[in-house]
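Keep in mind that this is a model prediction, so the values were computed, not measured. Just so you know, these numbers use all the heavy atoms, side chains as well, and skip hydrogens, waters and symmetry mates. In listed order, ligands and their atoms are each counted from 1.
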Amino acid sequence: MSDPLIWLDQVHFQYAPDRAVLSDCSLRVHAGDRIGLTGAVGSGKTSLLRLVVGLVRPTAGRVEVFGRTRTRESDFHEVRRRIGFLFQDADDQLFCPTVAEDVAFGPLNLGLPRDEVRQLVTQTLADLGLAGYEDRVTYQLSGGEKRLVALAGVLAMRPEVLLLDEPTAELDGVAAGRVLDILSTLPHAMVVVSHDSSHLARIAHRRVQLDQGRVISV
Ligand SMILES: Nc1ncnc2c1ncn2[C@@H]1O[C@H](COP(=O)(O)OP(=O)(O)OP(=O)(O)O)[C@@H](O)[C@H]1O
Ligand SMILES: [Mg+2]
């Protein structure tokens, strides 16, 4: 089998000294893998995703991404460019005044030409059922609309791997179905956190669960 794109190797992690969140936690994500990650509230799912992109660091063990062990902040710059991370809380992700600016921010930052970015924004919003939302004020959107805009921003970056923290939370059946349809057609390796097993059944090839700080197969 090819080398994993992401390899958490016996990772330990804690926010406070006396309470381990992850202990001896290992996970490998290969090209084309579509992993559904479940686990109780507070079991460490978000923390696991944050470790992959270096928003938090392990206290022991190793984080390998795209074939290199990542330890320092500078090691993670490339990781964050190549991995799209949808935050659990869209308010943490959105920061531009309008929807179009928010979705365009990443691609412009990557140096894509403005015309191309404008088309990319229009297409990505339309794919997610948000045609005509370009000039809407981001902070006035509903929770579900914010989640879709945040997802549009992630997808518009054309990442190689997707880490999606509850992408269908707060969405109605129609919007969730649209998101699941899109995700199920993407070729990317992805890790999708969800409490909804019917949603995971539609997109994940493999299901894992966080249990007492470790990843177990379910
Ligand atoms: N910044 C922080 N400082 C201290 N403790 C934290 C912090 N963030 C999370 N925790 C704690 O770490 C544990 C794991 O949190 P995490 O957010 O990773 O869980 P989760 O599985 O994503 O939960 P949920 O299903 O509610 O999203 C929880 O007990 C949480 O209270
Ligand atoms: Mg979480």
What protein heavy atom sits nearest atom 16 (P) of ligand 1, and how far away is it?
-> S47 OG, 3.7 Å
Can you tell me if CZ on R158 sees more than 12 non-hydrogen neighbours from other groups inside 6.0 Å?
-> no
Region of A40 that comes within reach of ligand 1 [heavy atoms, distance under 4.0 Å] | backbone
When you measure from atom 6 (C) of ligand 1 to every protein heavy atom, which one gives the shortest distance, and what is it?
-> Y15 CD1, 3.3 Å
For atom 26 (O) of ligand 1, which candidate among V41, D165, L51 holds the nearest heavy atom?
-> V41
Taking T185 for the side chain and I182 for the main chain, is one N or O donor matched with an acceptor at less than 3.5 Å?
-> yes
If we number the atoms of ligand 1 from 1 as shown, the ones under 4.0 Å from a heavy atom of H195 are 25 (O)
R19: numbered ligand 1 atoms lying under 4.0 Å from its heavy atoms = 29 (O)
Between Q93 and F85, is there a donor-acceptor pair closer than 3.5 Å when you use the side chain of the first and the backbone of the second?
-> yes
Just need the protein heavy atom nearest to atom 19 (O) of ligand 1, so name the residue and atom and give the distance.
-> G44 N, 3.3 Å
Please examine the side chains of R82 and V161, heavy atoms only from C-beta on, and report whether any two atoms are closer than 4.5 Å.
-> no
Below 4.0 angstrom from a heavy atom of Q88, which ligand 1 atoms are there? Numbered from 1 as shown, please.
-> 27 (O)
Just one of R178, R202, H199, H195 clears the side-chain hydrogen bond (donor to acceptor under 3.5 Å, both in side chains) bar with T168, so which one?
-> H199
Starting from atom 25 (O) of ligand 1, which protein heavy atom do you reach first, and at what distance in Å?
-> K45 NZ, 2.7 Å
Protein heavy atom at shortest distance from atom 17 (O) of ligand 1 = T46 CB, 3.7 Å
Is_contact(atom 30 (C) of ligand 1), protein non-hydrogen, under 4.0 Å | no
Does a side-chain N-to-carboxylate-O contact under 4.0 Å join E73 and R57?
-> yes
Return yes when at least one N/O/S atom of Q88 is nearer than 2.8 Å to the Mg ion (ligand 2), and no when none is.
-> yes
Between G39, G42, A20, which one has a non-hydrogen atom sitting closest to atom 28 (C) of ligand 1?
-> G42
Would you call E64 and R28 a salt bridge, taking side-chain N to carboxylate O under 4.0 Å as the test?
-> no
Spell out, as yes or no, whether a donor-acceptor pair under 3.5 Å connects the side chain of R80 to the backbone of G54.
-> yes
Inspect the contact between R70 and D75 and indicate whether a charged nitrogen and a carboxylate oxygen are less than 4.0 angstrom apart.
-> no
For V21, atoms of ligand 1 separated by under 4.0 Å from a heavy atom = 12 (O), 13 (C), 14 (C)
